[in-house]
Engineer: 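The structure follows.
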Amino acid sequence: MPLNTEAAKRIQEVLANNIVFSPLPPPETVAGLDVAYSGDLAYGVAVVVQLSTLQVIDIACAIVKSVVPYIPTFLAFRELTPMLRAYIKLRVKPDVILVDGHGIAHPRKFGIASHIGVVLKKPTVGVAKSRLYGEEQRDVVTDPLTGEVIAKVVRCGGKKYVSVGSYITLEDAVKLVEKLCINKDVYPLRLAHNMSQKLKQKKPHVFDQWGEAPVSSEECT
DNA sequence: GCGACAG
DNA sequence: ATCTTGTCGC
């Protein structure tokens with residue numbers, strides 16, 4: 001299925017008005033969301049980690065048919081479903097969510113991290129491996145049109161572009177990512193990435209009429 | 001028209 | 001993201 005980019009663009013512009021910039025109350029739990037692909041299937045994984053102990057307290061995953069192609073600035077329309085399908089299966093909801101991709105460091109200020117934050121009304125942080133939009137100088141990325149700081153570069157096994165998704169401030173987002181930078185990786189995202197890669201290597205699955213395969217949390221590991 | 005372009 | 005092994009270097 002192709003993507004109506006004009007309609008998608010209007011959705012992003014409208015929903016971007018719902019982004020909230022506010023301090024994040026000290027979180028106890030953090031989730032990492034990631035998606036892997038194989039053939040025409042998307043494997044979404046959500047991992048919840050206890051900040052004080054770094055122990056994994058919940059895991060969930062979803063296997064759905066991948067229908068939308070990747071088009072720069074429209075990543076959410078391809079990965080939102082697999083990520084949210086996994087997220088809603090969590091029995092323990094996190095205080096804040098880390099997403100693979102940008103938040104407001106996006107042409108229309110509405111990257112996938114912001115999209116998820118607005119839809120779930122939950123604090124989210126965008127953590128990307130490369131820049132999509134903005135002028136990078138030193139460790140800050142600014143919007144060339146407004147001069148506003150839209151992201152900060154955090155060194156953690158390479159550059160990580162950290163931006164606000166929603167319900168958080170850039171300062172709190174950066175503090176959280178730095179705290180979770182372990183062994184050159186943002187821990188929760190590393191776990192989610194490893195799990196999605198593992199998951200897709202498993203046996204085929206049976207799909208229901210909605211194009212989703214039943215997968216237990218144990219089956220994710 | 002040209003270059004840029006998350007995963 | 002995915003296709004793919006070894007190899008050069010700290």
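For the numbers below, each heavy atom of this structure counts, side chains included, while hydrogens, waters and symmetry mates do not. Proteins come first, then strands; the chains are lettered A, B, ... in the order of their sequence lines, and each starts at number 1.
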Engineer: At under 4.0 Å between heavy atoms, what does Y37(A) touch on the DNA or RNA strands: base, sugar-phosphate, or nothing?
Structural biologist: sugar-phosphate
Engineer: Between dT4(C) atom P and Q201(A) atom CD, what is the distance in whole Å?
Structural biologist: 14 Å
Engineer: Report yes if a side-chain nitrogen or oxygen of Q197(A) is closer than 4.0 Å to either non-bridging phosphate oxygen (OP1 or OP2) of dT2(C); otherwise report no.
Structural biologist: yes
Engineer: Rounded to whole angstroms, how far apart are CG on D100(A) and C1' on dA6(B)?
Structural biologist: 9 Å
Engineer: Kindly indicate whether the side chain of L189(A), heavy atoms from C-beta on, has any atom under 4.5 Å from the side chain of D185(A).
Structural biologist: no
Engineer: Could you tell me whether D139(A) and K152(A) make a salt bridge, using a distance below 4.0 angstrom between a side-chain N and a carboxylate O?
Structural biologist: no
Engineer: Rounded to whole angstrom units, what separation is found between the NZ atom of K160(A) and the C1' atom of dG7(B)?
Structural biologist: 13 Å
Engineer: Over how many whole Å does the gap from K184(A) atom NZ to dC10(C) atom P extend?
Structural biologist: 13 Å
Engineer: Please determine if a side-chain N or O atom of R131(A) lies less than 4.0 Å away from the OP1 or OP2 oxygen of dC5(B).
Structural biologist: yes
Engineer: Please tell me if the side chains of Y43(A) and Q201(A) come closer than 4.5 Å, counting only heavy atoms from C-beta onward.
Structural biologist: no
Engineer: So, K175(A) and E178(A), do they make that salt bridge, N to O below 4.0 Å?
Structural biologist: no
Engineer: Would you classify T73(A) as touching base, sugar-phosphate or nothing, given that sugar-phosphate means primed atoms plus P, OP1 and OP2, and contacts are heavy atoms under 4.0 Å?
Structural biologist: base
Engineer: I'd like to know if V154(A) and I168(A) are part of one continuous hydrophobic network [Ile/Leu/Val/Met/Phe/Trp/Tyr, side-chain heavy atoms within less than 4.5 Å].
Structural biologist: yes
Engineer: What is the separation between atom NE2 on H193(A) and atom P on dA1(C), rounded to the nearest whole Å?
Structural biologist: 5 Å
Engineer: Could you list by number each residue of residues 104-113 of chain A showing a heavy-atom separation from DNA chain B of less than 4.0 Å, or answer none if no residue does?
Structural biologist: H106(A), G111(A), I112(A)
Engineer: Does OP1 or OP2 of dG7(B) have a side-chain N or O of K129(A) closer than 4.0 Å?
Structural biologist: yes
Engineer: What orientation do H115(A) and F110(A) show, parallel under 30°, tilted 30 to 60°, or perpendicular over 60°?
Structural biologist: tilted
Engineer: Over all strands shown, is K200(A) touching base, sugar-phosphate only, or nothing at heavy-atom distances under 4.0 angstrom?
Structural biologist: sugar-phosphate
Engineer: Counting the benzene-type ring for Trp, do H102(A) and Y133(A) have ring centres under 6.0 Å apart?
Structural biologist: no
Engineer: Under 5.5 Å centre to centre and under 30° between planes: does that hold for Y70(A) and the six-membered base ring of dG7(B)?
Structural biologist: yes
Engineer: Measure CD/E136(A) against C1'/dA6(B) and give the value in whole Å, please.
Structural biologist: 14 Å
Engineer: Using whole Å, what does the distance between atom P of nucleotide dA4(B) and atom OH of Y161(A) come to?
Structural biologist: 15 Å
Engineer: Tell me: OH of Y43(A) to P of dT2(C), nearest whole Å?
Structural biologist: 11 Å
